[in-house]
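So the structure is just underneath, and the comments pick up after that.
Note that the structure is a prediction, hence the values are computed from the model and not measured.
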Amino acid sequence: MNSILLHCVLFSLLHFSNAKHFVSMLLDNLTDEANYDKTLRPNFGGAPVEVGITMNIDSLGPIDEVQKNFRLDISFRQKWKDSRLSFSNYKHSGSDRRANVSNWHKNITLSHDFLEKIWIPDTYFPDSLRAFKQDVMVPNVLIRLSPDGSILYSARATIIPKCPMDLFLFPMDSQTCSLLIECYGYTVDELKLSWADDNGSVTILDETKKLAQFNLKEQLLTNYTLNFSTGRFADLEIKFLFERDLLYFILQSYVPSTLIVMCSWVAFWVNREGIPGRACLSITTVLSLITLIGSTNSKLPNVSTVKALDVYFALCFVYVFGGLLEFACVIYLSTKEKEMKNCMKAQEEKAKKYLTSVNASKEISLLKELEHSFFVQTPQRTSTGHNARDQAVQLLHEYKGFAESKMEVESRRQAPLETQFLTASRIEVYSRILFPSSFFFLEFIYWIVYMLLNENSKNLYK
């Protein structure tokens with residue numbers, strides 16, 4: 001029994017030794033410089049080489065709005081056929097009897113060193129700012145040679161492509177970033193790129209689609225031809241539609257700025273006599289909003305585009321600053337009202353003293369004149385002195401009423417016209433109603449408009 005087992009082990013070792021020897025000789029013969037020129041493409045002078053592309057996205061992000069780029073860690077696979085490397089009909093020739101493996105019909109997996117011996121496509125990523133292969137421990141490269149000469153070349157790489165962004169709808173925006181794949185030197189008459197599995201050529205796990213601030217909604221694969229001065233070149237493109245997660249900005253920007261505005265409205269209920277408290281509250285809200293705006297914009301690129309968040313910050317700033325101006329107007333009108341009241345009080349006292357001193361002498365002189373007029377100059381108008389005195393007293397009262405009404409008109413000219421203009425109290429009452437109602441109405445319009453614009457931008461992508 002032991003002898004049989006020993007013979008089996010020896011036979012297996014001999015078989016694997018013969019297979020290894022055969023494959024080594026096979027690869028040496030296939031890549032021999034006398035038979036294989038790696039500087040020339042397959043089918044040189046004939047039909048273009050068909051290169052199929054597939055890709056697995058291992059990780060995605062982050063997306064940098066300041067630098068306008070994003071990061072991809074991918075497993076990039078290319079597959080093409082080189083008939084010069086076909087060994088389906090290859091047979092071992094030679095006197096070495098140990099290599100009793102007459103032919104080989106299995107795929108051969110090779111190390112990255114084999115790349116230096118064969119022709120490979122000159123694909124590259126034209127919109128990448130930086131790109132490099134992963135070589136932790138060993139280069140992450142797979143080479144698989146099939147009997148018919150098909151070659152699968154897979155490599156892990158990190159790519160940082162450009163991503164032009166339109167921040168007009170920020171932070172309710174959706175951004176479209178692209179990854180381009182082209183041939184650098186071979187035209188479409190020599191090499192054609194295509195997606196090997198159509199829409200299934202790019203795979204990505206669901207957990208990879210969730211980024212810190214974005215969600216990957218979909219990816220679109222396209223292929224087309226670009227015309228340059230050096231010829232026509234094949235081009236593949238992956239479009240990624242990223243939708244920004246709004247919750248972060250609601251918690252970090254919208255809610256704080258809204259609360260700051262609402263805090264500025266508290267001043268409308270504070271007694272306007274408490275000037276230090278109202279001034280401190282109004283100025284603090286203005287400075288707090290300015291600080292919030294500055295900290296938010298420091299994380300964004302310096303662009304001239306008016307962003308949706310800028311519009312909301314501007315709306316909040318108008319209302320906060322408006323509350324500060326309302327406080328200034330109320331203080332000004334209150335001061336003027338106090339001055340006018342003091343002035344009226346002084347005028348009333350002065351008028352009373354004047355009327356008291358003047359009316360006494362006027363009454364005596366007027367009575368004398370009236371008595372003289374009725375009893376001396378016009379005795380025929382009355383029959384008794386009693387009637388004449390009664391008429392004199394009546395005329396005296398009419399004169400006093402005329403003097404008092406004249407003084408009242410003069411005082412009203414200098415008093416504040418409460419029935420025609422706003423007073424400090426009325427401004428306070430109107431502000432308590434108009435500021436909150438108009439702010440929330442404009443905020444409602446703001447969200448409706450920008451949500452509709454965001455939906456339109458998504459439809460343009462599709």
- prompt: Would one find more than 12 heavy atoms of other residues, nucleotides or ligands at under 6.0 Å from atom NZ of Lys117?
  reply: no
message: With ring-ring contact (aromatic ring centres under 6.0 Å, His included) as the rule and sequence neighbours excluded, what pairs involving residues 135-175 come up?
response: Phe170-Phe249
Worked check of ring-ring contact (aromatic ring centres under 6.0 Å, His included) between Trp269 and Phe435: CA-CA 13 Å; Trp269 278 267; Phe435 270 74; over 10 Å; no
Considering all heavy atoms, the nearest Arg84-Pro42 contact: NH2-N, 3.7 Å
task: Report the residues that fulfil side chain to side chain contact (heavy atoms under 4.5 Å, CB included) with Ser146, sequence neighbours left out, ordered by chain and then residue number.
output: Asn107, Asp148, Ser150
query: Is any side-chain N of the basic residue among Asp73 and Arg156 closer than 4.0 Å to the acidic one's carboxylate O?
result: no
query: Is Lys133 salt-bridged to Asp135, going by a charged N under 4.0 Å from an acidic O?
result: no
- request: Inspect the contact between Lys162 and Asp127 and indicate whether a charged nitrogen and a carboxylate oxygen are less than 4.0 angstrom apart.
  value: no
task: Output all residues satisfying side chain to side chain contact (heavy atoms under 4.5 Å, CB included) with Asp113, sequence neighbours left out; order by chain, then residue number.
output: Ser111
task: Taking atom NZ of Lys307 as the centre, report whether more than 12 heavy atoms of other residues, nucleotides or ligands fall under 6.0 Å from it.
output: yes
Acceptor/donor pairs from residues 311-322 side chains to any protein atom, 3.5 angstrom cut, sequence neighbours excluded:
residue: Tyr312; atom: OH; partner: Thr258; partner atom: OG1; Å: 2.5
residue: Tyr312; atom: OH; partner: Glu443; partner atom: OE2; Å: 2.9
residue: Tyr319; atom: OH; partner: Ser438; partner atom: OG; Å: 2.7
residue: Tyr319; atom: OH; partner: Phe439; partner atom: N; Å: 3.3

- line: Residue pairs meeting ring-ring contact (aromatic ring centres under 6.0 Å, His included), one or both in residues 185-215, sequence neighbours left out, come to Trp119-Tyr186
field: Approximate separation, where rounding is to 0.5 Å, of Gln219 CD and Leu60 CG
entry: 9.5 Å
message: If only side-chain N and O atoms count, and only distance matters, is there a donor-acceptor pair under 3.5 Å linking Asn456 with Asn454?
response: no
task: Considering non-hydrogen atoms only, spot the tightest contact between Lys192 and Pro48 and give its length.
output: CE-CG, 3.9 Å
- prompt: Is it true that a side-chain atom of Thr285 and a backbone atom of Ile260 form a donor plus acceptor pair closer than 3.5 Å?
  reply: no
Whether Ser298 side chain and Ser295 backbone form a donor-acceptor pair below 3.5 Å: yes
- prompt: Counting only N and O atoms by type, is there a donor-acceptor contact under 3.5 Å from the side chain of Ser282 to the main-chain atoms of Ala279?
  reply: no
query: Should we say atom CZ of Phe132 is surrounded by more than 12 heavy atoms from elsewhere, each under 6.0 Å from it?
result: yes
- request: Give the C-alpha distance, both sets of side-chain angles, the deciding distance and a yes or no for ring-ring contact (aromatic ring centres under 6.0 Å, His included) between Tyr450 and Tyr446.
  value: CA-CA 6 Å; Tyr450 278 100; Tyr446 167 86; 4.9 Å; yes
- line: Taken to the nearest 0.5 Å, the spacing of Ile181 CD1 from Ile159 CD1 works out to 7.5 Å
field: Side chain Asp122, main chain Gly185, donor-acceptor under 3.5 Å
entry: yes
field: Minimum heavy-atom distance Phe125-Leu179, with the two atoms named
entry: CD2-CD1, 3.9 Å
- prompt: With the threshold set at 4.0 Å, does a side-chain nitrogen-carboxylate oxygen contact exist between Lys210 and Asp245?
  reply: yes
- request: Take Arg41 and Asp82 through the salt bridge (Lys or Arg N to Asp or Glu O under 4.0 Å) test and state the conclusion after the steps.
  value: CA-CA 8 Å; Arg41 67 175 180 87; Asp82 191 345; over 6 Å; no
- prompt: So, Tyr124 versus Glu182: side-chain donor-acceptor pair below 3.5 Å or not?
  reply: yes
query: Looking only at atom types and distance, does a side-chain atom of Asn215 sit under 3.5 Å from a main-chain N or O of Lys217, one as donor and one as acceptor?
result: no
field: Where Gln175 and Asp166 come nearest, the two heavy atoms and their spacing
entry: NE2-O, 2.9 Å
task: For Phe44, look at atom CZ and say whether over 12 heavy atoms of other residues, nucleotides or ligands are found less than 6.0 Å away.
output: no
query: Hey, mind stepping through Glu428 and Arg278 against salt bridge (Lys or Arg N to Asp or Glu O under 4.0 Å) and telling me if it holds?
result: CA-CA 13 Å; Glu428 292 279 57; Arg278 291 194 63 169; 2.5 Å; yes
- prompt: Thr284 side chain to Leu281 main-chain N or O, any donor-acceptor pair under 3.5 Å?
  reply: no
message: Side chains of Glu50 and Ser194 only: does a donor on one sit below 3.5 Å from an acceptor on the other?
response: no
query: Side chains of Glu190 and Val49: closer than 4.5 Å at any heavy-atom pair?
result: no
- request: Can you see which heavy atom on Leu142 is nearest to which on Thr109, and at what distance?
  value: CD1-CG2, 3.6 Å
query: Around Phe444, counting heavy atoms of other residues, nucleotides and ligands shown, do more than 12 lie under 6.0 Å from its CZ?
result: no
message: Strictly by salt bridge (charged side-chain N to carboxylate O under 4.0 Å, His left out), give each pair with a member in residues 224-235 just once, sequence neighbours left out.
response: none
